Structure formats: structure tokens, C-alpha cells
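Below, all heavy atoms of this structure are taken into account, side chains as well, without hydrogens, waters or symmetry copies. Model, not experiment: these values are computed from the prediction.
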Amino acid sequence: MTETDLKTLVHRLYALQAERVEAYRLFEEGYQAYLNTGPHYDFIQYRQLVHEITVAFNGISKEIIQIKNSLHEEHSRPDLSAHLEKLQEKEKEKLELTAMLQLAKQNVLDRPGEEGHQEAVQELKHKIMQTIEAIIEILQDFKYDSEESE
């Protein structure tokens, strides 16, 4: 494999991360639309959104795993492969936290008199921000290490 092939993989990774960011934006946009249908939520529409986002995330993850394997096996870059392993773990964590946040936000709307729901929302937002910061750091390390070989 040539250096050009490695650069192609690196650029594809960045494109996939951009797709993932866009999928999150659409997920949040769709979730807000779902909340606006309350108190008799349009769950069927939301379930379809979740399905579409899941399909998108699965496709992105599979391709990133292929890149990770290629970096390790074909390009002898276990350092870059390790970054992608960490990236996938943090992205999984972010998705789980996002789902928890959506439930917490709905609890705030559905149970306004109950205590603790707003605090849960704030705590989850904080955890998501920490996870995003970790993802950014992993991507920066990946960029630095991938440019090191140029």
C-alpha cells in the first residue's frame, strides 16, 4: 500500500466523522419535532427516525472498523488503529448518553412537578460535552500521528 492509500483512508475517516455529526444533527432535529407533538407523542414517526439514524450510524461504524483494520493490517499503523478503537468506544458512549438525555428531556416535559429530572438533563449534557471533548482529543491525536509519517 502506498502513502496515497493511507491519505485516502485518513480523508475518508474525516468524511465519515462529518457524516456522523450530520446524523446527530438530524437526530436532534427529529427529536425536537417529536417533542413538539406532545403530550400525545407521534411515537411511530420517532421510531422511524431512530431506525434511520441507527442504519446510518451502523454504516458509518462498519466503514470506520474497516479503515481501522486496514490501518493496522495493511499499513502497519497500529497507533492509528488504536485511535480509531478509542474513537468508536467514545462514539458508542455518546450515542448511549444522547438516548438517555432524550428520555430525561421527555421526563421534564411529562412530569414537570417531579424533582430531579432537570438535574438529570444537566448532568447528561455535561457528560455528553466531556465525551465530545474526548472525541475531539482522539481525532487531534489521530491527525498528529497520521501527519507524522508524511
Side-chain angles (χ1 to χ4, degrees), residues 6-73 75 77-147:
L6 180 61
K7 285 182 182 179
T8 301
L9 288 176
V10 169
H11 288 297
R12 183 64 188 142
L13 170 71
Y14 294 140
L16 289 166
Q17 275 302 110
E19 287 179 31
R20 202 178 303 207
V21 168
E22 178 63 12
Y24 269 111
R25 189 190 66 73
L26 293 172
F27 193 28
E28 180 60 26
E29 198 175 274
Y31 178 69
Q32 289 303 319
Y34 165 73
L35 286 182
N36 291 337
T37 65
H40 305 291
Y41 298 104
D42 185 354
F43 185 72
I44 293 171
Q45 184 78 21
Y46 179 68
R47 187 174 57 199
Q48 180 63 33
L49 170 69
V50 170
H51 171 74
E52 291 169 10
I53 295 298
T54 300
V55 168
F57 281 144
N58 283 341
I60 292 166
S61 288
K62 284 178 184 177
E63 196 168 342
I64 289 177
I65 290 168
Q66 289 173 343
I67 292 171
K68 176 183 78 82
N69 292 339
S70 179
L71 289 170
H72 188 78
E73 297 163 10
H75 295 279
R77 293 298 306 263
D79 57 331
L80 298 181
S81 179
H83 291 311
L84 297 191
E85 184 74 30
K86 291 178 194 171
L87 176 67
Q88 289 294 92
E89 289 171 14
K90 287 296 176 185
E91 287 290 358
K92 180 178 185 256
E93 183 180 322
K94 181 182 172 192
L95 186 56
E96 290 169 355
L97 288 169
T98 299
M100 292 168 60
L101 177 61
Q102 289 182 352
L103 290 173
K105 284 180 176 180
Q106 189 169 344
N107 282 336
V108 168
L109 293 175
D110 292 347
R111 300 179 182 101
E114 292 182 22
E115 293 197 19
H117 295 300
Q118 192 60 44
E119 290 81 10
V121 167
Q122 292 308 315
E123 183 179 327
L124 287 164
K125 284 181 177 180
H126 180 70
K127 287 180 181 180
I128 288 171
M129 288 307 301
Q130 289 177 319
T131 304
I132 290 170
E133 289 170 8
I135 289 168
I136 291 168
E137 189 174 313
I138 291 165
L139 289 170
Q140 287 173 338
D141 290 345
F142 178 87
K143 182 179 188 303
Y144 176 79
D145 290 346
S146 68
E147 290 173 348

Run the numbers on Leu95 and Glu91 for side-chain contact (heavy atoms from CB on, under 4.5 Å), then give the verdict. CA-CA 6 Å; Leu95 186 56; Glu91 287 290 358; over 6 Å; no
Hey, are Lys90 and Glu93 close enough for a salt bridge, meaning a charged N less than 4.0 Å from a carboxylate O?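 The answer is yes: the pair qualifies as a salt bridge.
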Looking at [X] and [Y], what are the two nearest heavy atoms and their distance?
X	Y	result
Leu13	Ile67	N-CD1, 3.9 Å
Ser70	Leu9	OG-CD1, 3.4 Å
Ile138	His83	CG2-O, 3.3 Å
Ala23	Ile53	O-CD1, 3.5 Å
Tyr41	Leu35	CE2-O, 3.7 Å

Kindly state each residue pair satisfying salt bridge (Lys or Arg N to Asp or Glu O under 4.0 Å) with at least one member in [range], sequence neighbours excluded.
range	answer
residues 49-67	Arg12-Glu63
residues 124-134	Glu123-Lys127
residues 94-103	Lys92-Glu96
residues 24-47	Glu22-Arg25, Arg25-Glu29, Glu28-Lys105

Test side chain to side chain donor-acceptor pair (under 3.5 Å) applied to Tyr24 - qualifying residues, sequence neighbours left out: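 Once residues adjacent in sequence are excluded, Tyr24 has no partner under the side chain to side chain donor-acceptor pair (under 3.5 Å) criterion.
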Out of curiosity, Leu71 CG to Leu84 CG, how far, rounded to the nearest 0.5 Å?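 If we round to the nearest 0.5 Å, Leu71:CG and Leu84:CG are 6.0 Å apart.
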Could you grab the distance from atom NE2 of His11 to atom CG of Leu16, nearest 0.5 Å is fine?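 If we round to the nearest 0.5 Å, His11:NE2 and Leu16:CG are 13.0 Å apart.
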Quick one: list whatever passes side chain to side chain contact (heavy atoms under 4.5 Å, CB included) with Gln88, sequence neighbours left out.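 Partners of Gln88 under the side chain to side chain contact (heavy atoms under 4.5 Å, CB included) test: Arg20, Ser61, Ile64, Ile65.
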Given 3.5 Å as the limit, does a donor-acceptor pair link the side chain of [X] with the main chain of [Y], or not?
X	Y	answer
Glu119	Gly116	yes
Thr54	Val50	yes
Ser81	Asn69	no

Quick one, [X] and [Y] - any side-chain contact, counting heavy atoms below 4.5 Å?
X	Y	answer
Gln102	Tyr46	yes
His117	Val121	no
Gln17	Leu87	yes

Can Tyr14 and Lys143 be said to form a side-chain contact (heavy atoms from CB on, under 4.5 Å), step by step? CA-CA 10 Å; Tyr14 294 140; Lys143 182 179 188 303; 3.2 Å; yes
Specify whether Tyr34 and Tyr31 have parallel, tilted or perpendicular ring planes, treating 30° as the upper limit for parallel and 60° as the lower limit for perpendicular.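 Rings of Tyr34 and Tyr31: tilted, as their planes differ by 30° to 60°.
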side-chain contact (heavy atoms from CB on, under 4.5 Å) between Leu6 and Leu80, worked out: CA-CA 11 Å; Leu6 180 61; Leu80 298 181; 4.2 Å; yes
Gln122 side chain to His126 side chain, donor-acceptor N/O pair below 3.5 angstrom: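 Note: Gln122 and His126 side chains miss the donor-acceptor criterion.
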Can you list the steps and then say if Phe43 with Thr37 is a side-chain contact (heavy atoms from CB on, under 4.5 Å)? CA-CA 9 Å; Phe43 185 72; Thr37 65; over 6 Å; no
